[in-house]
There are 2 protein chains.
Amino acid sequence: MTITDVAARAGVSPATVSKVVNGRYGVAPRTIAHVRQVVAELGYETSLVASSLRSRRTGVLGVLVAEFEPYSTEILKGASRAVAGTGYELLAYSGGTRTDGDEGWERRSLSRLGGTLVDGAVLVTPTVALVTGATPVVAIDPHAGPAAVPTVDADSHRGAVLATEHLLRLGHRRVAFLGGRPGLESSRLREEGFVTTMRAAGVPVAPELLRVGGYRPGPAAEAARAVLALADRPTAVFAANDLSAIAVVEVARELGLAVPADLSVVGFDNIPESALVDPPLTTVEQPLQEMGARAVRRLVGLVDGDAAAGEGAAWGDHLRLPTALVPRASTAPPA
Amino acid sequence: MTITDVAARAGVSPATVSKVVNGRYGVAPRTIAHVRQVVAELGYETSLVASSLRSRRTGVLGVLVAEFEPYSTEILKGASRAVAGTGYELLAYSGGTRTDGDEGWERRSLSRLGGTLVDGAVLVTPTVALVTGATPVVAIDPHAGPAAVPTVDADSHRGAVLATEHLLRLGHRRVAFLGGRPGLESSRLREEGFVTTMRAAGVPVAPELLRVGGYRPGPAAEAARAVLALADRPTAVFAANDLSAIAVVEVARELGLAVPADLSVVGFDNIPESALVDPPLTTVEQPLQEMGARAVRRLVGLVDGDAAAGEGAAWGDHLRLPTALVPRASTAPPA
DNA sequence: GTGAAAGCGCTAACAT
DNA sequence: ATGTTAGCGCTTTCAC
């Protein structure tokens, strides 16, 4: 079912059909009606691929993620809400699931979709610096270092301070930290928040208690196993995200350690799943849905080019949203 | 950055670059190495749009949804897990957010993406019959009536029976039902399960207690307001999905009714959010993530064309997964 | 082993 | 008001 089929059936040229479908001027009312009729009969819909190749304006915004897990889908929910009523549609692309290592998925996805398929893109946790091409881009929780694009994130440093203070207040002194994905600014800030708060409290952080979980359950579980096998086991673990924290709880269970009686665990993100595990996870909330919504609104401003209106002008290069401690049942004073 | 740029820089023709990039035979090893080098230097990535227009094979699977809300994102999580290691990437498209009524988004999205952009698609809650075109399709929780495509759903009828029995067991006799989206098979089955169970228990269902919420918070809230304003108010509401049930709880609160003391509420789906509201929602679980995963595996079988292997042959036209009651705090005996 | 040329479905510029 | 033409970036014969 192509535009040529419609044209043939309606007895006009493809160009005329195109004009009618896209509401361009210069078509007789009679012709419009007739073509519309045929379009409806045949159930014709313009191919996104073909039209985007030619016209460079698709009315579609991209959300580029490594994979669809609880973090990115929360972002997506917010993005979806924000896009309603803007006239844009949302296309979420998960480009990090290829087997050959997921480095550089964001650059790859952007190159493959940008310029043609989508009018602009929200990049979720891009770990590499972005080539500022022709496609407007907004980054969420981006790569460390100077950002070339507008950026939305949450106050990771403050969140880490809150989590660490919470553990210190409970009486923990030997606390392990499971770091996030190297390269991400949030990862750096959470570690920094943890270390400075510990130091400020006069509590030394043993190097063997500083591990990397990469924000991923697998590596996090491995790191947790290592740290919990130490002769001088920590009484608490602060994991850089909830997925890692949940993995820590599972490892603790495997090892016969009760949470929080034998081990306190704190996460980060407050994904819905964090409240559903047993025990419910103490964590740091980031307003994920709002981050997604803000990013989309900013992107719409960028794409529409009215720097004056709406979210376009509301914030400049960087929007940082607040974080908050959510105390639940995975933390308690050490035994 | 196009293939022509790479070709020019490498001193070969676009055709040769294409062959190298796609690993076709008939290129000298020296040339391959050189072109690879230039590709890496320039950071070239083949445009998904252009290549898909020409070649009809993209390695991308689509998940078509009306919007990204808790239900569809759970499906997405499962789909994402299932697609890992298959060599396919996932593209989720939300085509129902256009302002002009969301009727027919599934047909529209499929026409726009199918055949070119994606090799196959999972359609989530399509409300209209599908044109079985060239693109392989698997439907999740589809339109009522005979399905022309392989289908995954959960046992809605059984789930509704369980929920209704739960309310009857608690002693409720005046129970309202907030129906789902007309046209969806799941909607019909849940209502049928409710009505038959009530009848079987010898409890009449007053027509004014049978309402439609359309699976959406807005209409559901409206229906809830109507039903709770009745002189002879129901003591319990069974909503056809969690989003509606949550809306009911909010309306009850507005009206000064305590849940579950003054009104019991049961939902359906067991989206993560259902456990997080106050009070935690009694609901019926559907294995949403598994449904997404199964649908994707089936689709991969369809696209790869090996009907013999794996999920392709594991089930035929219809896979129905079990549902289960999840009793939480939103239900109690009537006052 | 490599390149020239055609064409995927569509839209925009330019005829008519 | 309508049609003809060219070309978006790529892949695929088919010559060479």
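Lettering of chains follows the sequences in order, A, B, ..., and the numbering in each one begins at 1. The figures that follow rest on heavy atoms only: side chains count, while hydrogens, waters and symmetry mates do not.
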- Item | Charged N-O contact under 4.0 Å between E67(B) and R81(A) | no
- Query: Can you tell me if the side-chain N/O atoms of R24(A) get under 4.0 Å from OP1 or OP2 in dT11(C)?
  - Reply: no
- Item | Side-chain N,O (T31(A)) to OP1/OP2 (dA1(D)) below 4.0 Å | no
- Task: Check whether any side-chain N or O of S55(B) sits under 4.0 Å from OP1 or OP2 of dT11(D), and answer yes or no.
- Result: no
- Task: Check whether any side-chain nitrogen or oxygen of Y25(B) sits under 4.0 Å from OP1 or OP2 of dT2(C), and answer yes or no.
- Result: no
- Is any side-chain N of the basic residue among E290(B) and R297(B) closer than 4.0 Å to the acidic one's carboxylate O? no
- Note on the structure: L53(B) CG to dT11(C) P, in whole Å, measures 12 Å
- Message: Without decimals, in angstroms, what is the distance between N22(A) CG and dT2(D) P?
- Response: 16 Å
- Message: Within the 4.0 Å heavy-atom criterion, would you say V49(A) contacts the bases, only the backbone, or no part of the nucleic acid?
- Response: nothing
- T46(A) vs dT11(C): side-chain N/O to OP1/OP2 distance below 4.0 Å: yes
- Message: On the nucleotide dT11(D), are OP1 or OP2 found under 4.0 Å from the side-chain N or O atoms that S18(B) carries?
- Response: yes
- Separation of dG9(C) P from L117(B) CG (nearest whole Å): 14 Å
- Task: Take the protein atom CE of M1(A) and the nucleotide atom P of dC8(C), then report the distance between them rounded to whole Å.
- Result: 15 Å
- Message: Of the options dG3(C), dC10(D), dA12(C), whose atoms approach the side-chain atoms of A15(A) most closely?
- Response: dA12(C)
- Query: Does S51(B) have a side-chain nitrogen or oxygen under 4.0 Å from the phosphate oxygens OP1 or OP2 of dC10(D)?
  - Reply: no
- Closest to the Y44(B) side chain: dC10(D), dG3(C), dT2(D)? dC10(D)
- Between the base of dG9(C) and the side chain of R54(A), is there a donor-acceptor distance below 3.5 Å? no
- Which whole-number value in Å describes the distance from L48(B) CG to dC8(D) C1'? 15 Å
- Query: Any ion pair linking R298(A) and D304(A) (charged N to carboxylate O, less than 4.0 Å)?
  - Reply: no
- Round to a whole Å and report the spacing from NZ of K19(B) to P of dT2(C). 9 Å
- Using only side-chain N and O atoms of S47(B), determine if any of them is under 4.0 Å from OP1 or OP2 of dG9(D). no
- Item | Side chains of L90(A) and V60(A) in contact at under 4.5 Å (non-hydrogen atoms) | no
- Query: Whole Å only: how far is the CD1 atom of I3(B) from the C1' atom of dT2(C)?
  - Reply: 14 Å
- Electrostatic pair R108(A):E45(B) at N-O distance under 4.0 angstrom: yes
- R30(B) CZ to dT2(C) P: how many Å, rounded? 9 Å
